[in-house]
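Below, chain A is the first sequence line, B the second, and so on; all start at residue 1. Being a predicted model, the structure only gives us computed values, none of them experimental. Values below: all heavy atoms of this structure, side chains included; hydrogens, waters and symmetry mates excluded.
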Protein chains: 2
Amino acid sequence: MIEPKLLKGFRDFLPEAEITKKSLEEKIEAVFRLMGFVPIDTPALEYAQVLFGKGGGETDKQGYRFEDSGGRAVALRFDLTVPFARFAALHLSELPMPFKRYHIAKVWRGENTQRGRYREFTQCDFDIIGTESVASDFEVLLTMHKALSAIAGGGVTIRVNHRGLFNCFLARIGAREQSVEVLRAVDKRAKIGEAETAKLLAALLDEKRAAGVLEYAHAAGGSSSWEETLDKITALSGGDCEESRRLRCLHSFMRETGIDSSFVLDPSIARGLDYYTGVVFESFLDALPGIGSVCSGGRYDDLAGLYCKQRLSGVGASVGLDRLIAALEAAGSLDKSGSYAKAAVACVKAEDAGRYQALAEKLRAAGTACEVFLEPAKLTAQYQTAEKKGISFVIIIEENGALTLRELAKRENRTGLTVSEVVATLDNRED
Amino acid sequence: MIEPKLLKGFRDFLPEAEITKKSLEEKIEAVFRLMGFVPIDTPALEYAQVLFGKGGGETDKQGYRFEDSGGRAVALRFDLTVPFARFAALHLSELPMPFKRYHIAKVWRGENTQRGRYREFTQCDFDIIGTESVASDFEVLLTMHKALSAIAGGGVTIRVNHRGLFNCFLARIGAREQSVEVLRAVDKRAKIGEAETAKLLAALLDEKRAAGVLEYAHAAGGSSSWEETLDKITALSGGDCEESRRLRCLHSFMRETGIDSSFVLDPSIARGLDYYTGVVFESFLDALPGIGSVCSGGRYDDLAGLYCKQRLSGVGASVGLDRLIAALEAAGSLDKSGSYAKAAVACVKAEDAGRYQALAEKLRAAGTACEVFLEPAKLTAQYQTAEKKGISFVIIIEENGALTLRELAKRENRTGLTVSEVVATLDNRED
């Protein structure tokens with residue numbers, strides 16, 4: 001006998017968890033489709049060199065790398081950005097530009113599992129490449145707003161910044177060369193606190209300039225409006241420029257679509273990744289601010305430089321689906337169910353299975369998911385099983401052929417119904 | 001620069017191909033849900049011993065096996081049946097029995113790619129475990145019928161046989177011990193031809209009994225009805241028994257649900273796999289008989305014997321999704337599109353992007369997927385781009401604020417429309 005155990009950091013999804021995951025994915029995907037994004041898929045396994053390049057980074061150590069039976073150095077993908085860059089380079093001539101893709105798929109990282117991280121998890125990325133337009137920055141923000149609103153039900157706050165404008169500011173105070181380190185320090189603020197960040201910055205620059213950086217990062221203050229913050233950081237950066245005009249333009253688009261109240265211009269948003277060059281953003285659920293950003297991203301100016309000469313600029317974001325689910329679950333704001341079925345037909349006699357399915361088929365034809373009990377048992381036992389699965393109704397065919405509809409939550413039976421009465425009742429009832 | 005190449009046997013899905021794949025998966029999944037099946041998911045990576053057991057088989061050689069950084073012998077799953085067996089053993093106490101699951105996911109096999117096979121492909125399995133009822137056999141057949149009808153649009157023929165009844169027959173002619181080899185020979189019939197099969201059988205048994213086996217396998221003749229065939233093979237097997245009664249009962253269920261004309265009792269269906277013990281079935285699209293079975297399966301009596309003591313009997317089937325797509329594609333019976341969007345809002349001036357999105361949002365709120373051009377260009381160029389993507393309409397905001405609706409296929413413009421007129425027009429139009 002072999003022990004049916006799982007690898008550390010990997011997990012099964014039982015029906016309830018899988019239904020929840022699928023439901024969130026489907027809501028997000030519905031928004032992507034409404035917005036005109038199209039799906040792509042790439043292999044789970046690629047050449048290690050394609051995924052890791054020259055290697056040496058953090059992800060390199062965490063990769064699942066091995067030699068296949070043909071002696072090739074291969075690896076499981078650790079994110080969806082690198083495969084997208086490779087995909088864009090390979091299919092450049094076939095993709096209509098601007099190209100708007102989404103990709104929801106598993107990725108694998110041999111990370112330390114002690115922090116509650118999994119080694120297999122789902123990423124959900126969307127990007128617009130081949131355009132530098134403000135319209136594309138805005139479309140990604142609008143898509144985030146719609147997707148997160150669809151998932152969370154409640155309010156969403158999206159915090160936006162512009163890397164380029166921050167760099168203008170750094171250039172002005174003579175700290176352009178330290179910009180990556182300064183960004184990293186600002187990015188750590190939430191984790192290490194204000195005082196530690198100030199120390200880090202002072203070590204990189206000097207106390208005066210470090211204070212200047214913190215003044216810039218804090219320009220949003222407690223409740224300053226987009227325009228007020230923008231005026232402040234524009235002035236700190238040396239006055240009106242292309243980057244500040246982009247932020248002003250973004251805000252006018254938000255107002256025109258009526259979503260401006262969900263957005264905050266926050267000069268402290270840095271996003272640790274080196275490759276962002278333009279707007280960057282993080283988003284938070286108003287009901288669950290403690291879980292941190294649930295969808296982040298930004299504009300980059302060279303997606304696929306590792307694989308082709310053409311500069312592909314773009315803007316994109318990624319939803320942290322597993323963390324989002326864990327948080328919504330902890331907050332009790334997920335509808336949980338172990339079944340898609342709304343009704344079940346009771347089994348009284350095994351030999352009547354054909355009749356039961358024929359009845360269920362009438363409900364299914366009307367769009368109601370309906371299962372059929374497959375073995376005879378006491379009605380009370382069938383009620384219990386159905387209720388455990390999250391099914392709301394049980395239908396019993398009486399000896400005279402009439403139907404009884406049992407509403408499980410109310411413990412109520414309606415008797416003497418026709419098929420069309422049952423169909424109509426279930427059809428009209430809200431899920 | 002790194003060459004953006006793929007591993008042999010692996011492929012990218014560009015939007016058109018991915019939309020097609022997703023569309024088929026969604027149709028199949030919708031049927032599973034209507035029938036009350038629930039989804040599960042398992043890790044792509046498991047302990048090699050869990051997936052391969054004692055090893056040595058065909059799949060063993062084809063497996064992607066390696067050592068992870070913790071020194072564990074791991075492997076990528078090569079099918080969804082073995083992980084389901086492991087899953088069922090591990091979660092036995094948590095699963096409501098009978099348990100009806102579906103699982104649509106990628107699997108990996110380092111197979112010879114010369115036969116046009118891929119090393120990464122999607123499997124789509126569904127099973128009912130924990131019941132031996134005829135009702136569960138029937139439910140799997142009904143589910144196949146519904147899923148394939150939803151996908152193929154046209155007629156479906158499902159060929160059914162009973163391994164147990166065939167074994168009764170073999171016992172009667174004194175060939176019970178050779179049953180696995182006999183089944184394999186009968187299963188090869190379509191590939192190697194009648195004469196070769198007869199030779200194989202004669203080598204296993206003797207000429208007389210080999211002829212008997214072929215007589216049994218041919219009992220369906222050209223167009224014999226389910227009842228006629230059943231009478232013949234029942235007689236050949238020594239008269240009425242539990243197995244023949246099950247086949248009779250299945251047929252009565254088919255008649256009661258009005259799907260009997262799609263089913264053929266075919267004693268030549270063997271299914272090569274050792275672990276089937278009851279009914280077995282294969283299914284064929286009437287429009288594409290040449291591609292062979294697109295969904296097959298059967299009843300087994302010990303799913304998880306490798307991992308637990310409890311005998312889990314069940315019945316299930318698997319849809320060969322990639323082959324099905326390739327066949328439907330070759331037959332030209334797939335609607336292809338590079339976009340989900342039905343309409344696109346033209347971009348005349350970059351600074352009006354907010355207005356364009358605000359208009360698109362009204363269509364989206366009515367459920368119409370709508371994209372927005374992100375950069376200004378000549379209208380004719382925008383029409384061409386939209387048409388290439390498979391979008392049907394372009395909407396232009398005129399200088400006076402009125403809307404023009406361009407129907408691309410007809411090269412027709414309707415001018416002077418209000419937003420609600422455009423929404424209503426697109427809403428009413430069939431996809």
Side-chain angles (χ1 to χ4, degrees), chain A residues 2 4 7 10 12-15 18 22 33-34 36 38-47 49-50 53 66 69 74 86-87 89-91 94 96 98 106 110 120 131 133 135-136 138 142 252-253 256-257 306-307 339-341 350 353-355 357-358 361 364 369 371 374-375 385 388-389, chain B residues 2 4 7 10 12-15 18 22 33-34 36 38-47 49-50 53 66 69 74 86-87 89-91 94 96 98 106 110 120 131 133 135-136 138 142 252-253 256-257 306-307 339-341 350 353-355 357-358 361 364 369 371 374-375 385 388-389:
Chain A
I2 292 165
L7 287 164
F10 289 80
D12 283 328
F13 284 80
L14 274 84
E18 183 65 9
K22 277 183 179 275
R33 293 180 182 184
L34 274 179
V38 289
I40 66 161
D41 199 13
T42 66
L45 211 59
E46 301 222 21
Y47 280 103
Q49 204 199 14
V50 163
F66 61 101
S69 57
V74 300
R86 195 270 308 143
F87 175 98
L90 184 59
H91 303 289
E94 301 160 78
K106 296 267 169 69
E120 175 179 67
T131 172
S133 59
S136 58
F138 177 64
L142 175 60
S252 78
F253 295 166
E256 283 176 291
T257 44
L306 203 54
Y307 313 104
S339 176
Y340 289 106
R355 284 180 77 195
Q357 287 286 5
E361 281 287 277
R364 293 171 192 144
E371 64 173 275
L374 297 168
E375 292 180 337
T385 305
K388 246 186 240 167
K389 287 186 178 184
Chain B
I2 292 166
L7 287 164
F10 288 80
D12 283 327
F13 284 81
L14 275 84
E18 183 64 9
K22 277 183 180 275
R33 293 180 182 185
L34 274 179
V38 289
I40 65 160
D41 199 12
T42 66
L45 210 61
E46 301 221 22
Y47 280 103
Q49 204 199 14
V50 164
F66 61 100
S69 57
V74 300
R86 193 272 308 144
F87 175 98
L90 184 58
H91 303 290
E94 302 161 78
K106 296 267 169 69
E120 175 180 67
T131 171
S133 59
S136 58
F138 177 64
L142 175 59
S252 78
F253 295 167
E256 283 176 290
T257 44
L306 204 54
Y307 313 105
S339 176
Y340 288 107
R355 283 180 76 195
Q357 287 287 5
E361 282 286 276
R364 294 171 192 144
E371 65 172 272
L374 297 168
E375 293 180 336
T385 305
K388 245 186 240 167
K389 287 187 178 182

Option that, when pairs with chain B are counted at under 4.5 Å, heavy atom only, ranks first among [options]:
options: A:Glu46, A:Glu94, A:Lys22, A:Lys388; answer: A:Lys22
options: A:Val50, A:Val38, A:Leu90, A:Leu374; answer: A:Leu374
options: A:Arg33, A:Glu18, A:Glu256, A:His91; answer: A:Arg33
options: A:Ser339, A:Ala135, A:Ala350; answer: A:Ala135

Selection from [options] maximising heavy-atom pairs under 4.5 Å formed with chain A:
options: B:Thr385, B:Thr42, B:Leu142; result: B:Leu142
options: B:Phe10, B:Tyr340, B:Phe138; result: B:Tyr340
options: B:Thr257, B:Leu45, B:Val74; result: B:Leu45
options: B:Ala353, B:Ala358, B:Pro43; result: B:Pro43

| task | Begin with the C-alpha distance, continue with both residues' side-chain angles, and end with the deciding distance and a verdict on side chain to side chain contact (heavy atoms under 4.5 Å, CB included) for A:Arg86 and B:Asp12. | result | CA-CA 10 Å; A:Arg86 195 270 308 143; B:Asp12 283 327; 2.6 Å; yes

Measure distances from [X] to the heavy atoms of chain B and classify the residue's part below 4.5 Å as side chain, backbone, both or neither.
X: A:Glu120; answer: side chain
X: A:Ser136; answer: both
X: A:Pro15; answer: both

| task | Evaluate the side-chain proximity of B:Asp41 to A:Lys106: yes if any heavy-atom separation is below 4.5 Å, no if none is. | result |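 Yes; the side chains approach each other to less than 4.5 Å.
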
| query | Looking only at heavy atoms, which two atoms of A:Gln49 and B:Ile2 are closest? And how far apart? | reply |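 Taking every non-hydrogen atom into account, O-CD1, 3.6 Å.
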
| Which atom names give the shortest non-hydrogen contact between A:Ala341 and B:Gly36, and what distance separates them? |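 It is CB-CA, 4.3 Å.
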
| query | Is there a donor-acceptor pair closer than 3.5 Å between any side-chain N or O of B:Tyr307 and the backbone N or O of B:Phe87? | reply |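 Absent.
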
| Residues that A:Glu371 engages under side-chain hydrogen bond (donor to acceptor under 3.5 Å, both in side chains), provided they are two or more places apart |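 A:Lys389.
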
| request: Can you sort out the partners of B:Thr131 under side-chain hydrogen bond (donor to acceptor under 3.5 Å, both in side chains), two or more places apart, ordered by chain and number? | output: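 Once residues adjacent in sequence are excluded, the partners of B:Thr131 under the side-chain hydrogen bond (donor to acceptor under 3.5 Å, both in side chains) criterion are A:Glu375, B:Ser133.
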
At a 4.5 Å cut-off on heavy atoms, which part of [X] comes close to chain A: side chain, backbone, both, or neither?
X: B:Glu361; value: side chain
X: B:Tyr47; value: both
X: B:Pro39; value: both

| query | What is the ring orientation for A:Phe66 with B:Phe66, classed by angle as parallel under 30°, tilted 30 to 60°, or perpendicular over 60°? | reply |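 A:Phe66 and B:Phe66: parallel rings.
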
